[in-house]
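Proteins get letters first, then strands, A, B, ... in listed order; numbering begins at 1 in each.
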Amino acid sequence: MLSVRPMSDSLIAGLDQTQLLGLYHSLILTRAAEERLEMLQKQDHVTGEIYRSIGQEAGAVGAAFALNRQTDGTGDFVAPTVRAAGALFLFGGELVDFFRQYMGRATGPTEGKETNIHWVDFQKGIMGPVSPLGTMLEVMAGITLSFKVRGESRVGMVFCGDDASSTGAWHEGLNFSAVQRCPLILMVEANQWAFSTATGKNTRVRSFTEKAAGYGIGSESVDGTDVMAVYEAVSGAAKRARAGKGTQMVELRYYRRLGYAKHDPQDYVDPDELAIWVDRDPIDLFERRILEESWAAESVLQKISIRAEEECRLAAEQATGEPAPDGQEAGKGVYTDTITQHPWTRTDGPYRRDSSELDT
Amino acid sequence: MLSVRPMSDSLIAGLDQTQLLGLYHSLILTRAAEERLEMLQKQDHVTGEIYRSIGQEAGAVGAAFALNRQTDGTGDFVAPTVRAAGALFLFGGELVDFFRQYMGRATGPTEGKETNIHWVDFQKGIMGPVSPLGTMLEVMAGITLSFKVRGESRVGMVFCGDDASSTGAWHEGLNFSAVQRCPLILMVEANQWAFSTATGKNTRVRSFTEKAAGYGIGSESVDGTDVMAVYEAVSGAAKRARAGKGTQMVELRYYRRLGYAKHDPQDYVDPDELAIWVDRDPIDLFERRILEESWAAESVLQKISIRAEEECRLAAEQATGEPAPDGQEAGKGVYTDTITQHPWTRTDGPYRRDSSELDT
Amino acid sequence: MNHPTPEHLKKTARGEPVTLLEAVSEGLFEEMVRDDSVFLMGEDIGVYGGAFKVTRGFLDYFGDLRVIDTPIAEGGFTGAAAGAAHMGLRPVVEMQFMDFISPAYDVLTNYIATSLYRGAGPMPIVVRGPVGGGNRGGPFHSQNVEMAFFHTPGFKIVYPSTAYDAKGLIKAAIRDDNPVIFEEHKALYRAPTLREVLPDEDYIVPLGKARTVREGSDLTLVTYGAMVHKSVEAAKKLEQDDGVGVEIIDLRTLLPLDEDAIVESLKRTGRVLIVHEDTRTGGIAGEIAIRLNERAFEWLDAPILRVTAIDSPVPYAGSLEDYFLPQVEDIVTAGRYLAAY
Amino acid sequence: MNHPTPEHLKKTARGEPVTLLEAVSEGLFEEMVRDDSVFLMGEDIGVYGGAFKVTRGFLDYFGDLRVIDTPIAEGGFTGAAAGAAHMGLRPVVEMQFMDFISPAYDVLTNYIATSLYRGAGPMPIVVRGPVGGGNRGGPFHSQNVEMAFFHTPGFKIVYPSTAYDAKGLIKAAIRDDNPVIFEEHKALYRAPTLREVLPDEDYIVPLGKARTVREGSDLTLVTYGAMVHKSVEAAKKLEQDDGVGVEIIDLRTLLPLDEDAIVESLKRTGRVLIVHEDTRTGGIAGEIAIRLNERAFEWLDAPILRVTAIDSPVPYAGSLEDYFLPQVEDIVTAGRYLAAY
Ligand SMILES: Cc1ncc(C[n+]2csc(CCOP(=O)(O)OP(=O)(O)O)c2C)c(N)n1
Ligand SMILES: Cc1ncc(C[n+]2csc(CCOP(=O)(O)OP(=O)(O)O)c2C)c(N)n1
Ligand SMILES: [Mg+2]
Ligand SMILES: [Mg+2]
């Protein structure tokens, strides 16, 4: 019903038309969600920092699409970064939760205690990250170790910025995973920047596959603006990891087209270099390909776009209307068993000796 | 006077006979010093742990010999490990200090506060290590950064066990040095063991030069039992580092022939494998070569051996007769400016209110 | 699991006394038998059985999926423990010496301690290993690490002083759903005087509960770990020489702190002396002091005092280390001062 | 050095008021001009001028040998700072957020703090960066880090609350031969109320000396950092509403602690309240309390109390964070209670 002409018998990279359009929808949705976020911030609904992944959407979407996504706790796992929201959505992360998190809503998955994509859903296989860079590689090594130990055919994928590779945690986590042959896929988001510092100041290698060799793991470098190429590379990596070939790396080559976060005017970026990458927009590229190959008609794509916009609008609207958490919740959930907060934390007076005791 | 036949005009790897015999002396001295240490421990003069480098002496000696050793603070720097005492001695570390350190003598360089080769001499370029593995690579990165910043033609050499390579500190230090193009030479002591754990469980690479590639630095792997080969490899590395080619790695391939420390019976080691390496004893090999090439007569070597033994005996005797530090010194030297230890640390009573004040 | 239980782990079953080290081993072993999800990670814990041989025989019995020799990467394998804990496993991580927990400081304080709060679920992890001085280990093999974690909400910190407690506490720690830092004092590991016959049945010592080591009505002495034994010595001296009755409280768990136990004792004695082996400034004595101010100021008949190590790294030479560490005589002096106050 | 001093670093020279952030910048800049051996390392401090722009313009002026943009490796570059310090340089290391000092915990506590003691020489290193809550930064961009280092002998810890102090203290820290942890509160960085005109001549504020912010005879309030300003608000209220005279001591340096200043004030007021933004258990209040027990117990007319953040990670949502942080009202309540004791 959606197709312009019937898909050929042989699927495109193993994907049928619905799936191809699913990829397209995910790309569009990611961008729309992040744009919506900017609007919300301008309207003062978001108090913290916001992040964009424009130009990098295909990396997150293509990679997540290649995994086994389930909602009953039996599927693969993904640990996204702020630049891989697309993977989060594909794994079932709800748009409304995305907005709730940024807005610190009581209704969000972390009930306002954490921000942005820092949230976890074990049923869906979502491992939101923490800020300290590199940590999630260690954590995912342990998650995939548990897959190995239990003989499950599952893989764990962890996204890391290119410059997170400088951290000791990255090294220790990756090496641990490598020697333990954990079914882990490391996605290196080679967007050429660490905040304002060029990746060339963080490492002397040109491709992270050179680093992979130093850990004795499989690796591949792929054009991170080409969602199909990413999908295929990660499919291969996942296959190898599932087949007991151990840890794999896939490098996504692309560019961080906006500043590190909203507040960064990125005046350190060469506009000509940037222009090259604006021309290589992953959504434009995929759209062109869909149309050229006649996988779908323009009107179909337009409908998808409109739907994605609408989803975002509704989700943002819902989140906006929801309450902030009650302040006192701040003190709860530090321990699984309740450990009494000490008197005088707030206004309880310290203990007084009974007057009857005073003559003791 | 020492030579059997005159050395040919062309030096051996740039070394004259005195130097070749210097190498020999250093090898012998290292082994003799460590054997003396064992005796001292048996006699209860050493309370802490002791370490041996048997089979690895050529790595330390050949490497240190290739550097510019001065005693006025203008030369190269070395940070040895417990398995590189030979480098320490070549840089001017005194035998008697070696024993003093192990015996916790007040007269030792750290006055009993630290043990074994953990001592520093800035004039000689000796940077004794600390226990946490990997740290010295970070520190040497900073030392060599200062050489670079000041435009000095000096290099810094840091020894690290093969399995110290698993630490985050190793990674962060090496990468920092690499991107800053510090004139640092990393000596990887590939003795195939981390305590009881085979190196294969610490890394999946067979040669650490594969890791070097992941940092974009020069590297070479060398037979660590061949003192001349080590000397030549490190000479080359030092030349490159001095010429502004940045950080270099030299891998020493050999074997840890004794247990991790004296208490380790190494019952996890395959005796056949061990036997191979006993046959490749670096001192035997060098001795054979000296005699085969007629660089010196056997009697000369014997004299050197006897001298080294004697040096060790005398130094050990001296250290043994020296005093332990005064206990109260423990509280001093934490800050450069004296910060008063608080009352009641020991026996001072807390302050009492004057009786005259009590009615206030 | 086809292997028989190693003989050296059947001492309690045979009714023989065990050392504190053996008690920890037995506790670990029993928990691993009881619960498949418990597994071990650490350096040299498999083939070698650990630097102190706490896990000797475990690899053969449980296999290398449950007894994992790790690379030298305390941060990495502690982080991996967090991942495994997310998936329902219960990792027990050994630090070869607890001094080497520092590279894991980031992942422990930022990731593991905050996991539950961040909505990422509980972290049933035990990080255990040898601590403490007196063994001429120098600055990097002698540290106590409690205060590195005491300030981070989310941890529990345990520090046993007897074989009985060590076994009961390690089992309780493993069953706890919160991350537990578990300190084992090297000088107590094989101390012959600490050997005792343990109950053959399964028991735990609950976390968060102090133990009254001896009663006394003149002075409350709060301590833990190796200092418990030095304090007992000092208390005997004070009793004999000065007729001072010293009540000793062994905290056992440092976090959460059993302040009720201390407060109750203080209310009887009016005087508190805190003794810890760890260095002085920022040690646990401060927190105890302010909590007693908050809860029982009016019962204080004398200042709260402390006997501790001095503020320096742990020196290597015996003479220095002996001076560095709190000694029985220091405790006696302080106790005498307080009793006479 | 051919560049002119950037305009934004000449405010004091022009007699204009500066913010706390600008005061730190000026202090750094002047020390770098004064002493060639001072240099900077950190993430994004060069091209970008630092996440908070503290080093804006420094790269152009001093060049990339003295203003080094590092890889994201806090341990690595802090360790490198140690090496540089060995060679007579004086590194000032920026943590982008002080929360990210954790990966450097090992090298800081084990290597840098112990260097002098180990005979490896002094460590004139400053590790500085933004700390503190109130900015909706969540658990990893809001921490105070003093207690991670307070227990390790060898460090000094500094935490300014005013522009004047910030400049004088950063200069003193750079000139100090001991490693200094220097905390800059984000909420104070650009606070317009803190803008002040600084002396144009070179001055330092000596480390280890507290400052009496205001005098009062009924209660000694010990605090530092952002809490100084909340405490002043509370003190005004207590004075107006209750007639309670609150003496406020701003510690400025947390280690070494200026206990003389506190003791002297206590002897006048008989009552002590400690206020810190950092979490409660194991916070600095404990150490102050036990030192006061040791030195001035008999002057205490009331328990030593504290107002602090609660024991949890720093939550993100505004409502949660406001509850988490100590508020003026909390200080007032505690002060009222103590005054009436
Ligand atoms: C250990 C640590 N140090 C510093 C930071 C601050 N920080 C956050 S993101 C960032 C740059 C990350 O660069 P990269 O990993 O390449 O990710 P990108 O922003 O390019 O996606 C830095 C320095 C951090 N989060 N963690
Ligand atoms: C960070 C850290 N973790 C653990 C240790 C304990 N430890 C000391 S030496 C050693 C093995 C080192 O192996 P390797 O680096 O290969 O050196 P080798 O003993 O073979 O010379 C271990 C685990 C340590 N010193 N530092
Ligand atoms: Mg990047
Ligand atoms: Mg080795």
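In this structure, CD1 on C/I72 lies 13.0 Å from NZ on B/K201, to the nearest 0.5 angstrom. For the atom pair B/L133 CG and C/F140 CZ, the distance stands at 11.5 Å (nearest 0.5 Å). Rounding to the nearest 0.5 Å places CD of B/E49 at 8.0 Å from NE2 of C/H141. For the atom pair CZ of C/F324 and NZ of B/K113, the computed distance is 12.0 Å after rounding to the nearest 0.5 Å.
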Pair up each side-chain donor or acceptor in residues 159-169 of chain B with any protein partner under 3.5 Å, not counting sequence neighbours, and list the distances.
{"from": "B/D162", "atom 1": "OD2", "to": "B/N191", "atom 2": "N", "distance (Å)": "3.0"}
{"from": "B/D162", "atom 1": "OD2", "to": "B/Q192", "atom 2": "N", "distance (Å)": "2.8"}
{"from": "B/D162", "atom 1": "OD2", "to": "B/T199", "atom 2": "OG1", "distance (Å)": "3.0"}
{"from": "B/D163", "atom 1": "OD1", "to": "B/T199", "atom 2": "OG1", "distance (Å)": "3.4"}
{"from": "B/D163", "atom 1": "OD2", "to": "B/A194", "atom 2": "N", "distance (Å)": "2.9"}
{"from": "B/D163", "atom 1": "OD2", "to": "B/T199", "atom 2": "OG1", "distance (Å)": "3.0"}
{"from": "B/S165", "atom 1": "OG", "to": "B/D162", "atom 2": "O", "distance (Å)": "2.6"}
{"from": "B/S166", "atom 1": "OG", "to": "B/D163", "atom 2": "O", "distance (Å)": "3.4"}
{"from": "B/S166", "atom 1": "OG", "to": "B/N202", "atom 2": "O", "distance (Å)": "3.3"}
{"from": "B/S166", "atom 1": "OG", "to": "B/N202", "atom 2": "OD1", "distance (Å)": "3.1"}
{"from": "B/T167", "atom 1": "OG1", "to": "B/A164", "atom 2": "O", "distance (Å)": "2.8"}
{"from": "B/T167", "atom 1": "OG1", "to": "B/W170", "atom 2": "N", "distance (Å)": "3.1"}

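A heavy-atom distance below 4.5 Å is found between the side chains of B/S131 and C/F100. Contact of the B/Q328 side chain with the C/Y323 side chain is registered, since non-hydrogen atoms from C-beta on lie closer than 4.5 Å.
When all heavy atoms are compared, the tightest approach of B/E329 to C/L320 is CB-CD2, 3.9 Å.
The closest donor-acceptor contact from the side chain of C/Y316 to the backbone of B/M103 lies at 3.5 Å or more, if one exists at all. A donor-acceptor contact shorter than 3.5 Å links the side chain of C/D44 to the backbone of B/S196. Proximity of a side-chain donor or acceptor of C/S319 to a complementary backbone N or O of B/P325 within less than 3.5 Å is detected.
Of the residues considered (B/T115, B/T203, B/T47), B/T115 shows the highest number of contacts with chain C, using heavy-atom pairs under 4.5 Å. Ranked by heavy-atom pairs shorter than 4.5 Å toward chain C, the options B/G327, B/G104, B/A198 are led by B/G327.
Among the residues in residues 262-271 of chain B, those with a non-hydrogen atom closer than 4.5 angstrom to a non-hydrogen atom of chain C are B/H263, B/D264, B/P265, B/Y268.
Taking a 6.0 Å sphere around CZ of C/R190, one finds it holds more than 12 heavy atoms contributed by other residues, nucleotides or ligands.
Contacts between C/E74 and chain B at a heavy-atom distance below 4.5 Å are absent for every atom of the residue.
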